[in-house]
Amino acid sequence: MSKLGSIGARLYRGEVGYDFIGKRKIWYGISILITITALVGLAVRGLNFGIEFSGGAVFSTPKTSVSSAEAQHTAESAAPGHQAMVQKLGNGTLRIQISGLDTKQSLPVQEQIAKDLKVPVDNVNTQLVGPSWGEQIADKAWLGLGIFMVLVVLYLAVAFEWRMALAALIALIHDLTITVGVYALVGFEVTPGTVIGLLTILGYSLYDTVVVFDSLKEASKDITKQTRFTYSEIANRSINGTLVRSINTTVVALLPVAGLLFVGGGVLGAGMLNDISLALFVGLAAGAYSSIFIATPLVADLKEREPQMKALAKRVKAKRAAAEAKEASRAEAVDDPQDDPEDGASVVGPRPQPAARNRGRGRPSGKRR
């Protein structure tokens, strides 16, 4: 058995473990700090919406030796006051996006780009995107997200309980906030691919959470009939029991996504891959974190407020206190030295009697001389 598998087996049996629930205030503080950073970045820098949402024009040029930086300078000079994004594709062609352009403004910009790049105007293709189409996509994305959240809460409330549903909902909002905040801080363009990535990470995050919840539900069955563990301790054992599985699942999912982000987007320059891979990469990491450090500790907090769980905690504490007192009394009895006769102590008991002489005989006969 591999070393990781051996550790996983020991975690599952409860032989070793880490107190995730006991240190939950630390995890809450870290999550709050990350969330505040994401919200500040979102408020200060905002999201860089693509032309699919804000509207604009896309110009596709034939193969050229002009660099992306030169093409961006050319495009922004041709359309002053508008932001341009340039992507150089693998075949040497350029894809120039300029937001906020309408039909009348796009024609002179097209001519200027063709002139500066020294290519025929007819070889520069123009595609216009209206802002209304982007608004429809955004509305449908919000609608899909809302329906997904409602279905998730209903399913978890029926399959498990409302406390787990609430904790899972908070974890999902936590993951979305962090991912969107990273987009704002990094400055990546938000496109329909980004929306697809955001919806995808919700499924991964929910999967990790449900795995832990299922283990917790099984372990906490008839919990009030025993006095060995509290609910928080059983929740902690459930996290440790599924920890290796969660790590393996997350690492296996992150490896191909990292390839898309760093190789496909960074090396090959495929911009569309950046849109979806960054959302997947950040979301998967945040989802694994929230399922272990946020969702399950929240469930434990909510459950420990129940009267039954409070009574169970008191019984467990009383039983452990009695066991400790009994063990202490045994240790004290072992450490207490017994009385030793050789140390001058008196011996209590009957004294040895001398052997009887001539028992059963009479006095000797004869006269005394």
Side-chain angles (χ1 to χ4, degrees), residues 41-143 180-198 260-261 264-279:
L42 188 62
V44 174
R45 300 196 58 176
L47 291 175
N48 180 23
F49 288 101
I51 63 172
E52 293 87 356
F53 294 102
S54 60
V58 180
F59 302 95
S60 300
T61 69
K63 185 177 180 180
T64 178
S65 59
V66 178
S67 64
S68 300
E70 294 174 349
Q72 181 176 2
H73 178 72
T74 298
E76 291 179 350
S77 299
H82 297 274
Q83 185 178 5
M85 289 190 62
V86 180
Q87 298 172 0
K88 193 161 189 177
L89 306 182
N91 55 1
T93 60
L94 294 176
R95 185 173 186 268
I96 304 173
Q97 299 181 14
I98 303 178
S99 60
L101 290 182
D102 54 21
T103 304
K104 295 181 179 180
Q105 294 173 325
S106 63
L107 183 58
V109 172
Q110 179 186 9
E111 295 176 350
Q112 186 65 35
I113 291 176
K115 179 180 178 182
D116 293 340
L117 298 182
K118 299 179 181 179
V119 296
V121 177
D122 296 337
N123 291 344
V124 179
N125 298 323
T126 304
Q127 181 183 0
L128 295 176
V129 179
S132 59
W133 186 74
E135 292 177 359
Q136 293 177 4
I137 293 179
D139 293 340
K140 291 180 180 180
W142 283 111
L143 179 61
V180 174
V182 169
Y183 260 87
L185 293 173
V186 175
F188 274 23
E189 188 179 22
V190 178
T191 65
T194 305
V195 178
I196 295 173
L198 291 175
L260 288 175
L261 178 61
V267 177
L268 301 180
M272 184 60 70
L273 293 180
N274 283 336
D275 302 337
I276 189 171
S277 59
L278 180 63

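Since the model is a prediction, treat every value here as computed from it, not as a measurement. Positions are given from 1, in the same order as the sequence printed here.
- Heavy atoms only, all atoms of each residue included: Q110 and V124 are closest at NE2-O, 2.6 Å.
- Closest approach of R45 and L185 over heavy atoms only: NH1-O, 2.6 Å.
- Atom CZ in R95 sits 12.0 Å away from atom CZ in F59 (nearest 0.5 Å).
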Practice item. I would like to know whether N123 and T61 meet side-chain contact (heavy atoms from CB on, under 4.5 Å); could you show each step before the answer? Key: CA-CA 7 Å; N123 291 344; T61 69; over 6 Å; no
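- For S106 against A57, the heavy-atom pair with the smallest separation is CB-CB, 4.4 Å.
- Separating the OG1 atom in T126 from the CD1 atom in I113 is a distance of 7.5 Å, to the nearest 0.5 Å.
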